[in-house]
Amino acid sequence: MEYRSMDKIGEKVSLLGFGCMRFPKDEQGEIDEVLTEKMLDEALKCGVNYIDTAYLYHNRTSEDALGKLLKKYDRSSYKLATKLPDWILDSKEEAQKILEEQLSKLQTDYIDFYLLHALDARRWEHIKKLELVSLCRQWQREGKIRHLGFSFHDGYEVFEEIIKAEDWDFCQIQLNYMDTDFQAGERGYRLTEELGIPLIVMEPIRGGMLVNLPKDLAERFHQVDKEASLASWALRWAASHSNVKVILSGMSSYENVLDNLNTFKEYKPLGEEEAAAVRDVQKELLNRVKSRCTGCGYCMPCPFGVNIPENFQFYNACSLFDDARSRRLYYGMGKTQSTACRECGKCEKACPQHIKIREELKNVTDFFQPEEGC
Ligand code: SF4
Ligand code: SF4
């Protein structure tokens, strides 16, 4: 297993981190604890020492399951990360209750890496108003959390504001070869490097999309290496950034675990020919992007109920990838589909990307006509 040092906080972490948002489920839709245990055991046996969950994952049951499954391990043999969802609370007292609940569910006295969850401009304002950072610092002094950071989903400018506002121990952003220019993106990566803040990466395979490439693009990778899995290309691309200390993979099957472990067992940086293949695939993917919507949500809510970012998300997913699931999800949106737009124009005033939303929503409607699309 490849390990990296977080010099700022004196930690040595496995480059592959176990993300606990996509545990396998049983027929009742509950976490399949038998299979999850097998997956976690294999990962820990092979040297994974960073495990990332959140209060809200799996309808608030991910922490419970982890607490049970990790009990047999020496607490010092792994680093536990979990997150505080500020948007479900309105006071420091409520935050305190959530932390106590997390410690109890995880059956531990301390959290190694504690994150303010999924920050964006609006949540950051809320956190400042409730003074949650100072509360987290108090928890640090009390030994309940060891390192404080945040995970992030918004544009670069907001990222810069947040990361420079505090002396964070670490932070976590979405980074993959498709999204180099999306959210914090590579510019955000460079800023973490400049500031010396260790970085944890999430969505390295873009929620599974980069393992579901159109055939011609998958072929581009296979020309270079017939054996390598599509996931391994994405993971190695993320790992090629030296300030990326942990790459979280939300593993949902035993096969995922084995494949990822194989990538990091004897991690090899991308060679020149390989890096060129990634650039080609990236370029082609970006050519096929239909909408440059970043999903920031500033245009929401729509007075007529259109879920604007979700429409664009499925539009892109369906046009970029062989993604029947996105097509099904789009049709499942019902009243929040593009067809509900009444062209009032309210949303366009708020869009920082200056997207002609009304026009693009019409394109979405056309695209998803039964005879069109992917
Ligand atoms: S233009 Fe359409 S999508 Fe935008 S706010 Fe008005 S109804 Fe909603
Ligand atoms: S349409 Fe514009 S404002 Fe709405 S989510 Fe996309 S980028 Fe953000």
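Just follow the structure's listing: the first ligand is 1, and inside any ligand the first atom is 1.
Distances below 4.0 Å separate heavy atoms of R358 from the following atoms of ligand 1: 1 (S). In the vicinity of L361, heavy-atom distances shorter than 4.0 Å reach the ligand 1 atoms 3 (S). Residue G345 approaches ligand 1 through these ligand atoms, each under 4.0 Å from one of its heavy atoms: 1 (S), 6 (Fe).
Applying the 6.0 Å contact sphere to NZ of K346 captures more than 12 heavy atoms from other residues, nucleotides or ligands.
Between the side chains of D120 and H153, no donor-acceptor pair is found at a separation under 3.5 Å. At a cut-off of 3.5 Å, with distance as the only test, a side-chain donor of E101 or Y55 sits close to an acceptor on the other residue.
For atom 8 (Fe) of ligand 1, the count of nearby protein N, O or S atoms, meaning those under 2.8 Å away, is 1.
At least one test fails for K144 against the ring of Y110: distance under 6.0 Å to the centre or angle within 45° of the axis. At least one cation-pi condition fails for K290 and F367: the charged atom is not both under 6.0 angstrom from the six-membered ring centre and inside a 45 degree cone around its axis.
Side-chain atoms of Q337 do not come within 3.5 Å of backbone N or O of V306 as any donor-acceptor pair.
Using a 4.5 Å heavy-atom cutoff, the side chains of E37 and L40 are not in contact.
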